[in-house]
Amino acid sequence: MEKVYAPHEIERRIYERWERNGWFAPRGTGAPYAIAIPPPNVTGTLHMGHAFQHTLMDTLTRYHRMRGDDTLWQPGTDHAGIATQMVVERQLNAEGKKRTDLSRDEFVARVWQWKEQSGGTISAQMRRLGDSVDWSRDRFTMDAGLSRAVVEVFVRLYEEGLIYRGKRLVNWDPVLLTAVSDLEVEQEEVEGNLWHLRYPLADGSGHVVVATTRPETMLGDTAVAVHPDDERYRHLVGKQIRLPLAEREIPIIADSYVDATFGSGCVKITPAHDFNDYEVGQRHALPMINVFTPRAAMNDEVPPRFRGLDRFEARKRVIAELEAAGLLEKVEKHKHSVPKGDRSGAVLEPYLTDQWYVKIAPLAAPAIAAVEEGRTRFVPENWTNTYFQWMRNIRDWCVSRQLWWGHRIPAWYDDAGNVYVGRDEPDVRAKHGLGAEVALRRDEDVLDTWFSSALWPFSTLGWPDKTPELAKFYPTSVLVTGFDIIFFWVARMMMMGLKFMGDVPFREVYITGLIRDEHGEKMSKSKGNVIDPLDIIDGIDLEALVAKRTSGLMQPQLAPQIEKNTRKQFPEGIPPHGTDALRFTFAALAAPSHDIRFDLQRVAGYRNFCNKLWNAARFVSLSLGDAASIGTGPAERSLADRWIRSRFGRMLEQVENALREYRFDYVAAALYEYTWYEFCDWYLELTKPILQDENASDAAKRGTRQTLAHMLEALQRALHPIMPFITEEIWRFVAPLAGRNGPTVMLEPYPTAQEFAFDAEAEREIEWVRNFILGVRQIRSGMDIAPSKKLPVILQNASPEDVARATQHRAYLDRLAGLETLDILPSGATAPEAATALMGELTILVPLAGLIDAKAEVERLEKLIAKTRDELRKTHTKLANEKFVNNAPKAVVDQERERQAEFQRTLTSLETQLARVRRLLDRT
RNA sequence: GGGUGGUUAGCUCAGCUGGUAGAGCGUCGCCCUUACAAGGCGAAUGUCGGGGGUUCGAGUCCCUCACCACCCACCA
């Protein structure tokens, strides 16, 4: 084996070999296990959040594959309608062109071109992360197959009356010029104004005051509303208002929507530009006057002097004119929220347009029931509430988008405006008996990206065809995703899956936290705190990192600050850590239900772990020589051999349990602790007395070598799902020595706890050995004795069992505790002045003569005594409490008594030692 | 307005059904002991956000307050 662990060198060739051999494809003979990847935006790159989720999905996939399950991790990408279209439009802008300079077909061709060009980035990243997805099944939401599923779903829903077209208010993005769904609206708090406007009564008998945050929309007012029970205004209901500026007459109406306690209690009603007003308008059959163009400038419905003004310009102008006319009563500061598009950041307008909607209630009901009945389980469970809360208040889903990139809506119109929905134009003509003489025009709109995403778990498996994959892998086993898309995606997959497959799309949903930077900030390009997972794997120098973070910013003025922060945080750039270290970090940090502050220190720690593992393998390699030297013939298993097997089994138990509950942090901890603190720190050290002893028998050496090989081999299998690369590399060297001849660790069986039975005796004996060694080490450290110095040791109060153990395990003690001699003090004999360590009744003595600083020992003992007294006092108090003794379970009380006795023994013993050492001190 | 999560060692976080406060990183000693200095051995470190309650016993259960996140819905 290479002397130095070099992840970069290993990782690439290993992945290439896995992929070339087709080992990622489902092959197991066990139960089906499937995960559908949350498809990333095809033209994007994977960020830390993806890397995190992919690590968990790959860990699950590899684990189940090794368990023999018929395992599929389904890969693919999403066309990400708006996001992708925006990127390509920006590219056009950079060339001095606009989207509309191109025909629709030309533009779409251009997007496809960009998709082909950049689509490889994600798959390259996934390969570097070690993702064992079945590349042969790679899918894209705009593939022919998936597009067919989209059309099929649309048509079926339409035919059932679950999709309809309607003219109503939608959230309109005046920059992107498209409708968006409720979910794509982000409310942003702003310090705005509340303008109080005087609206004169038409009969000249006075005025009412209305308050508004949107004065410009007053040009579209078609009523003023008051609360029906509001005594102040009851006499005015039914009268007319002379709407200023517009110079129209509008009625005063009564509607319980009005809150009489807010403002003046009078509300201007603008049905075409406010969701609440729209409802009021419907109830009172008010006219709707749309005063905006699609770009949110004033249209021809307003007096000529306002026409063409942008909405914010118009606002100023309206206020100015009202003020000049004495109609502005007052202006108050007012905190309120404005709706913004999550993509464009533009202030959205409620806008009256024709759109396609999915009637959601009939789809939501089964999706709610499925979770109530536990057919799909959220992990952590508290996300269930979030899901219910949204699903129970869900509103119809606007699915049409006025974009060019996406699945075009399969609807056609004739010249009379009749709409026909079908799988394609011939289908529509056939179904509705439309001859060639009838001109049909296809709907210009495309579907919301999430419409196709909602079908992902079955569309990727071949639906609407009844494929064998679909039968086998649907429902999928688990969905791993972030809470931010529970509504966008998880809920919609539930609805569509239940509707079209008659079953839930996944049995479990594991919701991960968000990856944040080390300060807890969300990682974003504009904050300049993004880290590319590949840069952690391969490392990156400072200049390249700065360049990466400051280029392509939407707001270039942020560049200097970002550069400064980056230089401060990574003065040396980022050193390479390797994929396995990054993956292990993600697993270790994956505690449930909260976000993760990502800390590079942590990755460095796990890189050291990889290094430790590597060196352990080197030790084994050096200890074994070649296969021949392990050889055949009688083999004798040492106590340590039995012990490590037993410990391995206990560790596997923990891993199995933790994995069932998606506690990847526990999985990582169990593996880490076993590997470092048991296998490396103790087992490997315990093999040395045998392997390096010329007097040890061949059988003993053979037994140890075999165990060494077997346990290292099995450990690679246990670690492989989290750390695929280093384990493959080590496994391929050690497997033949352990009698395994498979081509790759990834297809070997995952070790089980049953194979490594609990060995009570071995655990007990090694525990004794370990405590003995620790005791001597404490003395050594307390006395500042060099590890190289061999010590004479005397046992006091040794039971026959202690004597037997000391004799039997003498080789371990000599080597690991560094013993020179080991003597038993006969009972009744006086002990020499010595440093002490206690093991229950047994006292380990290291005579002070010439070796030890008596003063240091006194200090050490005094400290120990103080500590023991403290503990003893606590147990005294507890046991003196009658209520405790009477009420606590017997086991707890007994345990407390035992502790008290133990502390008492320790204390007595320590005090005796102290007195003895003091005497020595006095003599000198 | 409704809801969720959080507040534990200098930092980042675990602590299951109440029963001796843990890990990693960092810190402090001593060691280049032929797998590993990216290491070994040893050590220190906490009024578990505040207050109250239940209990023999509370980091853990209940109430309350404070602060920090986040989600949903919003009265112009």
Side-chain angles (χ1 to χ4, degrees), chain A residues 1 3-5 182 187 194-195 210-214 225 257-270 274-277 334 336-337 380 382-383 385-386 389-390 393 483-484 486-487 513-514 516 518 520 522 575 581 585 588-589 591 593-602 604-623 657 661 663 665-666 668-669 672-673 680-681 684-685 688 692 773-774 777-788 815 818 863 871 874-875 878 881-889 891-893 895-896 899:
Chain A
M1 283 183 69
K3 194 162 173 163
V4 179
Y5 165 58
D182 296 338
Q187 300 293 339
L194 190 59
W195 286 275
V210 298
T212 181
T213 55
R214 304 277 326 260
Y257 151 72
V258 179
D259 175 359
T261 64
F262 186 91
S264 64
C266 297
V267 187
K268 64 192 270 305
I269 301 297
T270 324
D274 181 281
F275 288 103
N276 289 311
D277 293 4
H334 183 63
H336 63 119
S337 53
N382 55 293
W383 291 108
N385 278 335
T386 308
Q389 203 182 323
W390 189 69
N393 297 299
F483 62 84
D484 50 331
I486 289 180
F487 306 144
L514 242 50
R516 296 170 176 275
E518 70 286 357
K522 223 164 171 168
T585 308
L589 292 176
S593 81
H594 62 74
D595 293 350
I596 292 169
R597 289 191 193 205
F598 192 82
D599 184 358
L600 264 181
Q601 293 292 341
R602 206 67 196 254
Y606 292 119
R607 181 202 52 207
N608 295 354
F609 177 62
C610 292
N611 193 49
K612 186 77 183 175
L613 181 64
W614 183 262
N615 281 300
R618 273 192 67 229
F619 171 78
V620 173
S621 137
L622 297 172
S623 303
N657 292 333
E661 292 303 316
R663 289 302 302 260
D665 54 336
Y666 287 175
Y672 183 96
E673 283 163 16
C680 291
D681 285 353
L684 294 188
E685 294 304 324
K688 289 176 183 176
Q692 297 173 9
I773 292 164
L774 289 175
R777 279 177 183 170
Q778 271 162 13
I779 295 172
R780 206 184 267 286
S781 175
M783 299 299 106
D784 275 358
I785 302 170
S788 48
R815 170 90 189 197
K863 246 163 101 181
E871 293 295 330
K874 279 190 214 161
T875 59
K878 219 164 173 181
N881 182 351
E882 271 176 43
K883 288 177 179 168
F884 170 71
V885 179
N886 295 335
N887 292 311
V892 174
V893 178
Q895 193 194 338
E896 201 60 31
R899 293 186 67 222

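Below, chains carry the letters A, B, ... as their sequence lines are ordered, and counting in each starts from 1.
Residue R607(A) is in base contact, counting any heavy-atom pair closer than 4.0 Å across all strands shown. Note on R899(A): a base of the nucleic acid sits closer than 4.0 angstrom, heavy atoms only. Using a 4.0 Å heavy-atom distance criterion, A786(A) is classed as making no nucleic acid contact. In this structure, E685(A) reaches the bases: a heavy-atom distance under 4.0 Å links it to at least one base atom across the strands shown.
Across the interface with RNA chain B, nearest-nucleotide mapping of K268(A) and V885(A) shows V885(A) to be the residue nearer the 5′ end. Heavy-atom nearest nucleotides on RNA chain B were determined for Q389(A) and for L622(A), and the one closer to the 5' end corresponds to Q389(A).
Between Q778(A) atom CD and rC41(B) atom C1' there is a gap of 11 Å when expressed in whole angstrom units. The nearest whole Å value for the distance from the CG atom in L514(A) to the P atom in rC13(B) is 13 Å. The distance between atom CH2 of W614(A) and atom C1' of rG39(B), rounded to the nearest whole Å, is 17 Å. rC70(B) atom P lies 16 Å from atom CD1 of I486(A), rounded to whole Å. In this structure, CZ of F884(A) is placed 13 Å from C1' of rU55(B), rounded to the nearest angstrom. Straight-line distance from the CZ atom of R602(A) to the P atom of rG26(B): 12 Å, rounded to whole Å. The separation between R815(A) atom CZ and rA35(B) atom C1' is 12 Å, rounded to whole Å. The interatomic distance linking K874(A) (NZ) with rA21(B) (P) rounds to 6 Å, in whole Å.
In this structure, of rG19(B), rA69(B), rC36(B), it is rG19(B) that holds the atom nearest to the side chain of P889(A). Proximity note for E871(A) (side chain, C-beta onward) versus rA76(B), rU20(B), rC36(B): the nearest is rU20(B). Listed nucleotides rA35(B), rU4(B), rA76(B) differ in distance to F619(A); the shortest reach to its side chain belongs to rA35(B).
Between Y672(A) and Y606(A), the ring planes are perpendicular. Angles over 60° get that label, and only those under 30° would be called parallel.
rC30(B) sits 49 Å from rG5(B) when the P atoms are compared, rounded to a whole Å. For the C1' atoms, the distance linking rG10(B) with rG52(B) amounts to 31 Å, nearest Å. As rounded to the nearest Å, rU47(B) and rU7(B) have C1' atoms that lie 16 Å from one another. For the C1' atoms, the distance linking rC61(B) with rG46(B) amounts to 23 Å, nearest Å.
With a 3.5 Å ceiling on both atom-pair distances, rA38(B) lacks any Watson-Crick or G-U wobble partner. Both distances falling under 3.5 Å, in either a Watson-Crick or a G-U wobble arrangement, place rU27(B) opposite rA43(B). Pairing partner, rU7(B): rA66(B), with both Watson-Crick or wobble hydrogen-bond distances short of 3.5 Å.
Side chain of R214(A) to main chain of D274(A): no donor-acceptor pair is present (N/O by atom type, distance under 3.5 Å, no hydrogens or angles). Under the 3.5 Å distance criterion, the side-chain polar atoms of N615(A) are matched with a main-chain donor or acceptor of N611(A).
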